[in-house]
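Working notes, beginning with the structure itself.
Atom set for the values below is all heavy atoms of this structure, side chains included, hydrogens, waters and symmetry mates excluded.
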Amino acid sequence: MTLLLYSLVVLTGAVFLMALTARWRRISGSIFLLSLAAGSVLGLVSAISVLVSREAADYHPNFRMPLGEFFIGIDPLSAFFLSAITVLFFLAGIYGYAYLKDEQKKNTSAHFVFYHLLLISLMLVVTAKNAVVFLMAWEMMTISSYFLITFYHEQKSVRDAGYLYLIAAHTGAFCLWVMFLLMGQHAGSLNFDQMTLTAFPLPLAGLLFVLGVTGFGVKAGFIPVHIWLPHAHPAAPSHVSAVLSGVMIKMGIYGLMRLILIVKNFPEWCALLLLLIGMISGVGGVLYALGQHEIKKLLAYHSIENIGIITLGLGIGLWGQMYHHELVALIGYAGALLHVFNHAIFKGLLFLSAGSVIRSTHTGEIDRLGGLLKYLPWTGHLFLIGALSICGLPLFNGFVSEWLVFRALFEGMFHLKMNALVFSSLGIIALSLMGGLAAACFAKAFGAIFLGNSRSIDNSHLKENPWGMRAPMAVLAGICLWVGLFPGTMVSFALAAASSIYPLKISPMVAGTIMSPLLMVVVALLILIMVIAALTLLKRISMKFLPVAKSLTWGCGYSCPTSRMQYTASSFAGPILRIFRSVLRVSVAEGSSHVKDACEEFIFRPVFQVIKFSSAKLKIIQCGYTQWYLLYIFVFLLFLLIWKMV
C-alpha cells in the first residue's frame with residue numbers, strides 16, 4: 001500500500017510542476033516522462049505484490065469529508081485492474097510524447113497534466129473503499145478524459161464528440177449516485193467494507209443491479225448506451241484512444257464486479273441480463289465494426305465487441321455463483337478478468353498502430369490506403385500481431401481469455417439448470433460468431449491498409465515513425481505473445497482476483513483442471529509450428545539444388561492490373577453485412593464508407609431532438625434579471641421547507 005501512496009504523491013506533484021513549467025515544453029515533457037515512469041512502476045509493483053500474496057492492504061487515515069471519509073485500499077480485484085492501468089498508461093504515455101512532439105501550435109503541457117489526472121483518477125477508482133471517494137474519482141476521470149478527447153478542439157466534430165461524451169457520462173453518474181445512496185442508507189455506512197457485511201433483500205438487490213448496469217454500462221459501452229464511444233475514440237489522439245478503450249471503459253466492468261462482490265445475492269434474472277447484454281453487445285459491436293472503414297472507428301466498435309465477451313464471462317460467473325457451482329463461477333470471473341487485461345494490451349497495440357498509420361499518411365480512411373507494409377514494416381507487423389490477438393487465435397493472448405470464457409459457458413451448459421443450458425448454448429454460439437466476424441473484419445483492415453497497392457495516397461515519401469512510437473508498440477506485442485505462449489502467470493493472477501469476488505481457496509487440483517487443457521493446446525500448436533518450420537527449411541534447402549523459374553504473379557487474366565481493381569474495405573465487407581442487415585436493422589448508405597448505428601439513428605437522435613426543442617422553450621426562464629433568479633431561489637427554499645414539514 002505504501003508504494004501506491006508514493007505513486008499517487010509522485011503523479012500529483014508532477015501535475016503541479018507541469019502546470020508551473022507549461023511555458024517550457026522540454027522541461028514539462030521531461031517531468032511528464034520521469035513522473036509517469038516512477039508512478040507507473042510503483043503502482044505496478046504494488047499491484048503485483050498483492051496478486052502474489054493475495055492479501056489486501058488498506059489506507060484509512062482519520063480524515064473526514066462531506067458525506068464520507070478518505071478510505072482507499074488494494075485487494076486482488078483492485079490489483080488486477082491496477083496492473084492493466086499502469087502498464088498501458090506507461091507505454092501509451094511514451095508513445096504520446098513522441099506522437100505530439102511535432103505539435104508546435106498545441107499546449108502539450110496541459111495535455112500531459114490531464115493525462116496524469118486521468119491516471120490518478122483511475123487508480124483511485126479501483127482502490128476507493130468509500131462511495132464518496134469512488135464517485136469523486138469517477139467524476140475526475142470523466143472531466144480529465146473529456147479534455148484529452150477534445151485535444152483537437154478546433155474541429156467541430158471533436159467538440160461534438162466531447163459534448164456527447166459528457167452528456168452520456170453524467171447520465172450514468174446520476175444512476176451511480178442513486179445506487180450508492182440506496183446502498184449506504186440500507187447499510188448505514190458509505191464504506192464498502194460495511195456494505196459487504198450487509199444483507200440486501202432481493203428486490204433491493206435487483207434495483208441496485210439495474211442502476212449499476214445502467215450507470216456502469218454507459219462507461220463500459222454496452223449496446224444500446226454505447227453511442228458516445230464510436231465518436232470519442234476517433235476524435236482523440238491515438239494514445240488517448242488506446243487508454244480510453246484499453247482501461248477507462250473497463251471501469252464500468254470493475255464497478256459491476258465490485259457491486260457483485262458487495263451485494264453477493266441477486267435475483268436470477270440479473271445473470272440472464274448480463275448474458276443477454278454480452279451477446280447483443282458482442283455480436284452487435286463486431287457487426288458495426290465490420291461496416292466501418294475509418295480505422296479508429298472500426299477499433300472503437302471492436303471495443304464494444306470485447307466488452308461483450310467480458311460481460312459473457314461475468315454473466316456465467318454470476319450464474320455459477322447463484323447456483324453455488326464453484327468451478328463455473330471461478331472460470332467465468334477469471335475469463336472476464338483476463339480478457340480485461342488482454343484487451344487492454346492488444347487494443348492498445350492496435351490503436352497505437354493506427355496512430356502510426358494516420359501520422360504517416362494523414363488519413364484513417366481505409367479505402368484510401370494500401371501497400372503500407374513495404375513502407376511501414378514495423379507498424380504493419382505489429383498491427384498484425386494485435387489483429388491476430390483480438391481475433392482470439394492460438395498462441396496469442398486473446399485466445400487464452402476467450403478460451404476461459406468458452407470453458408465457463410460449456411461448464412454452465414452441463415452443470416447448471418435447464419434455463420442456464422439454453423443461455424449458455426446461445427452464449428457459445430454468439431462467442432463463436434464474434435470470433436469469425438472479427439477475423440473477417442481484421443482480414444479486411446490489414447489487407448486493405450498494408451497489402452496490395454495504394455488506392456489514393458502517394459506512398460513513395462513515407463517512412464517509419466520514430467522509436468519513441470515503435471518501442472511501446474513492440475513491448476505491447478511482446479506481452480501479447482508472452483501471455484499467449486506462457487499463460488500461467490496471468491491466469492493465476494486472474495484466478496486470485498476472481499476468488500476475491502467469489503471467495504474460494506484455489507487448490508492445485510482446481511488450478512490444474514483449468515490450466516491443463518489450455519497448456520495442452522498451446523504445446524500441441526507449438527509442436528505443429530516447429531514441424532511446419534522444419535518442412536519449410538527442408539524445402540528451401542532442397543530448392544537450392546533444383547532449377548527455379550521466376551515469372552510475374554498471375555493477375556486473374558488482367559494484363560495491366562491497377563489499384564482500382566483491388567478489393568476495397570467497403571466491397572470486402574458488403575456481402576457479410578447484407579446477410580445481417582435484417583438482424584440489426586443497419587442501413588448501408590450508398591457511396592458512404594460506414595454503416596449507420598441503428599441505436600443512434602432510431603433511439604437517441606430523436607430523444608436528443610425532443611430535449612433540444614424542450615430546452616429552447618424553457619430558455620424563457622433565463623431572463624437575465626437578478627431579481628427573478630432570487631425569486632427562483634426563494635420559491636425553491638419555500639418548497640423544501642413545506643416538504644420538510646410534511
Side-chain angles (χ1 to χ4, degrees), residues 1-47 59-66 68-74 82 85-101 103-128 130 132-151 153 162 166 236-237 239-240 243-244 247-248 251 468:
M1 190 67 207
T2 305
L3 293 177
L4 176 65
L5 293 174
Y6 287 154
S7 174
L8 292 171
V9 169
V10 167
L11 293 170
T12 305
V15 167
F16 289 102
L17 288 176
M18 286 189 291
L20 292 173
T21 59
R23 293 183 179 181
W24 301 281
R25 290 170 62 101
R26 184 170 296 179
I27 296 175
S28 63
S30 300
I31 295 170
F32 169 74
L33 290 176
L34 291 173
S35 58
L36 179 64
S40 300
V41 170
L42 289 170
L44 180 60
V45 172
S46 177
Y59 177 69
H60 194 179
N62 188 19
F63 177 67
R64 302 288 301 179
M65 298 186 305
E69 52 189 321
F70 189 79
F71 184 14
I72 61 174
I74 311 180
L82 187 60
I85 291 168
T86 51
V87 169
L88 185 57
F89 257 85
F90 174 57
L91 295 172
I94 296 173
Y95 176 100
Y97 179 78
Y99 186 84
L100 298 177
K101 207 166 187 179
E103 293 283 355
Q104 299 297 328
K105 296 182 180 180
K106 308 291 289 186
N107 188 352
T108 55
S109 298
H111 180 80
F112 294 149
V113 165
F114 287 116
Y115 191 86
H116 268 26
L117 286 174
L118 181 57
L119 175 55
I120 293 168
S121 62
L122 289 174
M123 295 171 77
L124 287 174
V125 164
V126 299
T127 56
N130 177 274
V132 176
V133 176
F134 181 93
L135 290 168
M136 289 176 64
W138 192 270
E139 183 65 16
M140 187 167 77
M141 171 181 67
T142 298
I143 299 301
S144 55
S145 57
Y146 164 79
F147 284 105
L148 291 174
I149 290 169
T150 56
F151 181 72
H153 56 82
L166 277 183
H239 61 287
V240 175
V243 296
L244 292 180
V247 290
M248 194 194 75
M251 295 303 100

Are the side chains of [Y] and [X] in contact, using a 4.5 Å heavy-atom criterion?
X	Y	value
L36	F90	yes
V243	Y115	yes
M251	V126	yes

task: Apply the test side-chain contact (heavy atoms from CB on, under 4.5 Å) to residues L118 and F89: give CA-CA distance (whole Å), side-chain angles for both, the deciding distance (0.1 Å), then the verdict.
output: CA-CA 10 Å; L118 181 57; F89 257 85; 3.7 Å; yes
task: Write down the atom of V125, the atom of A137, and the distance for their closest heavy-atom approach.
output: CG2-CB, 3.7 Å
- request: Locate the shortest heavy-atom distance separating G43 from L82; write the atom from each residue and the value.
  value: O-CD2, 3.6 Å
[X] [atom1] to [Y] [atom2] distance, which is reported to the nearest 0.5 Å:
X	Y	atom1	atom2	result
T127	Y59	OG1	OH	12.0 Å
L148	I143	CG	CD1	11.5 Å
I27	I31	CD1	CD1	7.0 Å
R25	S30	CZ	OG	12.0 Å
M123	S46	CE	OG	8.0 Å
S145	L122	OG	CG	8.5 Å

[X]: partners by ring pair (Phe, Tyr, Trp, His ring centres under 6.0 Å), with sequence neighbours left out:
X	value
H60	F71
F151	H111
F134	W138, F180

Pairs under 3.5 angstrom only: tabulate donor-acceptor contacts from the side chains of residues 94-101 to other protein residues two or more places apart or in another chain.
{"unit_1": "Y95", "atom_1": "OH", "unit_2": "L352", "atom_2": "O", "d": "2.6"}
{"unit_1": "Y95", "atom_1": "OH", "unit_2": "S356", "atom_2": "N", "d": "3.1"}

Validation: residues 3-23 side-chain donor-acceptor distances under 3.5 Å, sequence neighbours left out:
{"unit_1": "S7", "atom_1": "OG", "unit_2": "G39", "atom_2": "O", "d": "2.7"}
{"unit_1": "T12", "atom_1": "OG1", "unit_2": "L8", "atom_2": "O", "d": "2.7"}
{"unit_1": "T21", "atom_1": "OG1", "unit_2": "L17", "atom_2": "O", "d": "2.8"}

- request: Please answer whether the main-chain N or O of A37 pairs with a side-chain N or O of S40 as donor and acceptor at a distance below 3.5 Å.
  value: no
- request: Return the set of residues passing side chain to side chain donor-acceptor pair (under 3.5 Å) with S109 (not counting sequence neighbours), or none when no residue passes.
  value: S28
